[in-house]
Amino acid sequence: MTDATLAPTLPARRRGLSPITRSRLQRFKAHRRGWVSFWIFGVLLLLTLFAEFLANDRPILVWYDGGLYLPILNTYPETTFGGEFETAADYTDPYVRKLIADHGFMLEPLIPYDHRTVAWDLPQPAPSPPDAKHWLGTDDQARDVLARLIYGFRISVLFGFALTAVSAAIGVAVGAFQGYFGGWIDLLGQRFIEIWSGLPVFFLLIILASLVEPNFWWLLAVTVLFGWMSFVGVVRAEFLRARNFDYVRAARALGARDLAIMWRHVLPNAMVSTMTFLPFTLAGSVTILTSLDFLGVGLPPGSASLGELLAQGTSNLQAPWLGLTGFFTIAIMLTLLIFIGEAVRDAFDPRKAPGSRA
């Protein structure tokens, strides 16, 4: 019997975390490498979630002639600041900047470039090396590499989280039904998975990319169609093992429904092994969008992407900062996720003492 079946009663849960949860949290914190990686990755993700406030060619706020404006959230015409045109104000234009400076001030982000902003004042043709204005240089289209790195990191991680969450939900549900009911349901399900997993995913993506313009949601939907199968085996094995346990038979004898037994009695045990598998799946899911963008069948051209940055590095060997930036970003990101996964694995392992060394 696993530690998930020893959970306290409902009144005990209401007083706070259960003893099992506290023990797992202690084991997670005791894994120092994973705990530090968790905080580093969390800070990086939090910063990139607010990328518009960190890297943008629009000011965060403008104080002009006694009025407060938020260009980072709203679009204002140039006439708002004393200009002559009704079009959206270009805050990189020296004329607009002078108008604002004469009657107020503006607070700019730390990196005054968006991931689409073209730097027209480069001292040499793009791609240009790192300097005081562009800390990681520019790419072959004169766009700031650091700004594109921040936005690309965010979209890659969010894509990985979304893919892992949806795939896990589908895979756990399919594995639960196969393992609990067995028989023809399990047999037909396994044959379908064997056929479906044999399809060439990348070739299908290349064919579909030639028919429609890929976007974030389209790529997520296509990758989910094949990503859920990695969770089925683990959950199916747990349900096959637990469906004949005494507490499951007792629940059936008391008249409990199959769905209630699966949800309340068997699933908590199955999720222990699934949770230890989840962070490593997340690490692989994060790199899927990078791989697609590197091959040119990912996000639309111009989108901030780590894969597009790597592709530029291979096309511009005379600009090593492009390839090195993409490589080290992906290497650090995956290293942090793997360390977090190791800590989660130890946290759900009841044989690990809270004070054991990682």
Side-chain angles (χ1 to χ4, degrees), residues 41 44-45 48 51 55 111 113-161 163 200-216 218-220 222-223 226-227 280-338:
F41 185 82
L44 293 176
L45 179 59
T48 55
I111 304 168
Y113 301 99
D114 187 72
H115 65 94
R116 297 176 296 243
T117 304
V118 176
W120 301 102
D121 57 347
L122 294 179
Q124 63 184 69
S128 61
D131 55 26
K133 288 186 176 181
H134 306 279
W135 299 345
L136 294 179
T138 62
D139 61 8
D140 56 6
Q141 299 184 38
R143 297 169 301 190
D144 188 75
V145 172
L146 181 56
R148 294 185 63 79
L149 179 64
I150 294 172
Y151 284 87
F153 181 92
R154 179 177 67 176
I155 196 170
S156 296
V157 172
L158 293 181
F159 183 89
F161 273 110
L163 176 59
V201 181
F202 279 106
F203 287 108
L204 291 176
L205 287 172
I206 293 174
I207 295 173
L208 293 175
S210 63
L211 300 177
V212 297
E213 182 180 0
N215 55 47
F216 181 91
W218 185 89
L219 292 172
L220 179 62
V222 173
T223 50
F226 301 93
F280 302 101
T281 305
L282 174 61
S285 300
V286 167
T287 60
I288 289 180
L289 184 62
T290 302
S291 303
L292 295 176
D293 287 328
F294 179 78
L295 296 174
V297 294
L299 296 173
S303 302
S305 169
L306 299 179
E308 193 261 353
L309 185 61
L310 288 175
Q312 286 206 24
T314 59
S315 302
N316 299 276
L317 297 179
Q318 78 282 3
W321 56 87
L322 297 177
L324 291 176
T325 299
F327 169 77
F328 282 110
T329 300
I330 296 174
I332 293 173
M333 177 173 58
L334 293 181
T335 301
L336 294 176
L337 289 175
I338 293 299

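As a basis for the values below, the full set of heavy atoms in this structure was taken, side chains included, without hydrogen atoms, waters or symmetry mates. In this chain, residues are counted from 1 in sequence order.
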State, yes or no, whether a side-chain contact exists between His134 and Tyr113 at a heavy-atom distance under 4.5 Å.
yes

Is there a side-chain contact between Pro129 and Gln124 in this structure, where contact means two heavy atoms from C-beta onward sitting under 4.5 Å apart?
yes

Is the closest side-chain heavy-atom distance between Val157 and Phe41 below 4.5 Å?
yes

So which atom in Ile111 and which in Ala147 form the shortest heavy-atom distance, rounded to 0.1 Å?
CG2-CB, 4.5 Å

pair Trp321-Thr138: side-chain heavy atoms closer than 4.5 Å
no

Could you state the interatomic distance from CG (Leu310) to OG (Ser315), rounded to the nearest 0.5 Å?
11.0 Å

Going from CG on Leu295 to CD on Glu308, what distance comes out if it is rounded to the nearest 0.5 angstrom?
13.0 Å

Trp135/Asp144 under side chain to side chain contact (heavy atoms under 4.5 Å, CB included): CA gap, chis, key distance, verdict
CA-CA 8 Å; Trp135 299 345; Asp144 188 75; over 6 Å; no

NE2 of His115 to OG of Ser305, rounded to nearest 0.5 Å, is 11.5 Å

For Arg143 and Gly302 the tightest heavy-atom approach is NH1-CA, 3.8 Å

List the atom of Ala126, the atom of Ala142, and the distance in Å for their closest heavy-atom pair.
CB-N, 3.6 Å

Distance (rounded to the nearest 0.5 Å) between Leu163 CG and Phe161 CZ
12.0 Å

What are the two closest non-hydrogen atoms of Ala55 and Ile150, and how far apart are they?
CB-CD1, 4.3 Å

Could you grab the distance from atom CG of Asp140 to atom CD of Gln318, nearest 0.5 Å is fine?
9.0 Å

Side chains of Phe294 and Thr314: does their closest heavy-atom pair fall under 4.5 Å?
yes

Please identify which of these residues, Asn215, Leu219, Leu292, meets the side chain to side chain contact (heavy atoms under 4.5 Å, CB included) condition with Leu299.
Leu219

Basic-acidic side-chain contact under 4.0 Å: Asp131, Lys133
no

I'd like to check Phe153 versus Met333 (side-chain heavy atoms, cut-off strictly below 4.5 Å). Are they in contact?
yes

Identify the two heavy atoms, one from Ala304 and one from Tyr151, that lie closest to each other, and give their separation to 0.1 Å.
CB-CB, 3.5 Å

What's the verdict on side chain to side chain contact (heavy atoms under 4.5 Å, CB included) for Val286 and Phe159, showing C-alpha distance, side-chain angles and the deciding distance?
CA-CA 7 Å; Val286 167; Phe159 183 89; over 6 Å; no

So do Ile330 and Leu334 actually touch side chain to side chain, heavy atoms under 4.5 Å?
yes

Measure the shortest side-chain to side-chain distance between Gln312 and Pro127 over non-hydrogen atoms and say whether it is less than 4.5 angstrom.
no

Taking all heavy atoms of Leu306 and all of Thr329, pick out the closest pair and write down the distance.
CD2-CG2, 4.1 Å

Between the CG atom in Leu336 and the CG atom in Leu45, the distance rounded to the nearest 0.5 Å is 11.5 Å

